[in-house]
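Encoded as structure tokens, the structure appears first; notes follow it.
Keep in mind that the numbers below use all heavy atoms, side chains included, and drop hydrogens, waters and symmetry copies. Lettering of chains follows the sequences in order, A, B, ..., and the numbering in each one begins at 1.
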Amino acid sequence: MQPFDLVGSLPLIVIWLALGAVGIVIQAFVRNTKLVFGYYAGTLAVTGTLAALTSYHKTTAFQHMITVGGYANYFDVLFCAAGLMTMLAARPYLQRSESEYDEFYTLLVSAVSGMILMAHSNNLVVTFVGVELMSISFYVMAGFFKMQERSVEAALKYFLLGAFASGFLVYGMALLYGATGSLDYVDIGLAAHGGTLRFPLLLAAGAVLMTIGLSFKVAAFPFHQWAPDVYEGSPTAVTAFMSTAGKAAAFSAFIPIIMAVMPVGAGAAAAAYAPQLQMVLAIIAAITMLVGNISAIAQTNVKRMLAYSSIAHAGYLMMGLVSGSADGAAGILFYVTSYVFMQIGAFVIVGLVEKADGTNVMLDDYRGLGKRQPLLAGLMAVFMFSLAGIPPFAGFFGKYLLFLSAIEAGFTWLTIVAVVSSVISVYFYLGMVVKMYFQEAEHATEPAPTGMAGITLAVATIAVVVLGVLPSLLLNIYRTW
Amino acid sequence: MLQSIPLDWYLILSAVLFVIGVIGVITRRNAIIIFMSLELMLNAVNLTMVAFSAFLGDVAGQIFVFFVMAVAAAEAAVGLAIVLALFRKKQTVYVDEVNLMKW
């Protein structure tokens, strides 16, 4: 093991020591929620900072089990930022519901550590452990309000379907291993591209099964039905986290698998079925965005509407996978970054408007919010505009990059579908804004005081606006890898 | 002299086990039975892994199996806890009675 292994792996080492060695000991002896909250917030901040500082050197570590630097560290910073923003917003939210237990923060940091593992993974075992570490933490977090029937129901549905998808994922991994004789991404990629396969059919079957498993994790058609129920039933702070960072993590695992393992896009001429796989991904992407956006129109519950909109966004993001190019990956990175900020922002506002018993989450409850809470409604409008892809907000530029990459890959029809479904989505995003500003409330309920959630909202708003006006800030970073 | 069993047989057996697990998850209503079917799926994968590992003469597949077993244990702990929480709340473990939200 070279010395650099340790330096490059610092973010991973720090978060696990802080979580598994120190954090557990602190929580075993001290029952002080404030201390635990501060400790884990600090852990995420330190991990994110270390990831940013060590991103300069791109290599592999621990016998090529993980990659360090560049792409992976970028995702580390994103996950830590999303985790911190969620923690800040979750504290007042949980306190209002009188269910603030220390374990929430432990589970959140444990989920972040799983995501970091997924982003760094260069080996199927590491990907599998990362996916499960994240998913199992999410199952518990979904059922965190164990006295609320909805929350438990969401946890059960998420668990059963999540474990089902994990079965497909791991079976796909087993077949890939058998076909290529290795668990290492680089070796699998070489075998898949170079054509030194023992069982070509197993490679195709394994690729399809892994696509099924990962499609579930990003909530893509036809494996999206769990998302609305789980996102609606889970505590809003948890939904904010798992619909954003969870999706980003699934894509961070998806990109290297598509680029290196599954032969899609340029350089994959050796595999005869590469065009078919690309076409399957394109069809999944197209149906996902249409189903998400059309179902969102019919919703009356804000959380459910945002859940369907998050399905549609998974469809947009998959366009970047279809192209299988560096441009497509850059589009995914940019869009997933802006998506994390705008979706967390929207869900935090939903959490503030929501009452302690989990009601007041209907679209009609937002009538007249513009008069009662001008600031909150204004921010919600910003996030809605950004989600709809209206300039100058970040969502617009992310969509532009993804659409462009799909056209360059020769999938013009996919871009047309995407534009049509974006137009459909404007209907319900703007419908929300119309409800807030142009309709009168029948019964007025005051939103909760923002508290620390204000910090989250401020960061999210600044990020959405700055990324929309100056997208080159991030795009220049992508070019350095 | 006993002849060694060909790789195909292991693969077919594990594929059959996996499909039985999938059918169990899709058709059963009892959360505990669904849970057992999930475990069957994971164990079918383990069989595939071990068969490939022996066939390729590569130990990595067997190591993977250890990770799958550890994860299955963690999933069992969390899954049973969720089923227990559900039973306390609703006095049922049948998933079709868990329909507060549209499925």
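- A pairwise comparison of heavy atoms in Gly181(A) and Asp58(B) identifies O-OD2, 3.8 Å as the closest pair.
- Counting heavy atoms from C-beta outward, Met41(B) and Ser166(A) have side chains that stay 4.5 Å or more apart.
- Looking at every heavy atom in both residues, Val68(B) comes nearest to Val170(A) through CG2-CG2, 3.9 Å.
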Item to complete: Using the side chain to side chain contact (heavy atoms under 4.5 Å, CB included) rule, take Leu160(A) and Leu38(B) through it: C-alpha gap first, then chi angles, then the decisive distance, then the call.
Response: CA-CA 8 Å; Leu160(A) 290 179; Leu38(B) 288 171; 4.2 Å; yes
Practice prompt. Verify side chain to side chain contact (heavy atoms under 4.5 Å, CB included) between Tyr171(A) and Phe18(B), making sure each step is shown before the conclusion.
Written response: CA-CA 9 Å; Tyr171(A) 197 35; Phe18(B) 190 83; 3.8 Å; yes
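- Contacts of Ser53(B) with chain A are made by both backbone and side-chain atoms, with heavy-atom separations under 4.5 Å.
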Worksheet entry | Step-by-step ring-ring contact (aromatic ring centres under 6.0 Å, His included) determination, Phe164(A) to Phe35(B) | CA-CA 9 Å; Phe164(A) 189 51; Phe35(B) 198 51; over 10 Å; no
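- When heavy atoms are compared at a cutoff of 4.5 Å, Glu132(A) approaches chain B solely by way of its side chain, counted from C-beta outward.
- With a threshold of 4.5 angstrom between heavy atoms, Leu7(B) approaches chain A through side-chain atoms but not through N, CA, C or O.
- The heavy-atom pair separating Val78(B) from Tyr139(A) by the smallest distance is CG1-CB, 4.0 Å.
- Looking at Leu156(A), both its backbone and its side chain come within 4.5 Å of chain B, counting heavy atoms on both sides.
- Contacts between Leu202(A) and chain B at a heavy-atom distance below 4.5 Å involve the side chain alone, from C-beta outward.
- Closest non-hydrogen pair, Glu149(A) versus Lys89(B), comes out as CG-CG, 3.9 Å.
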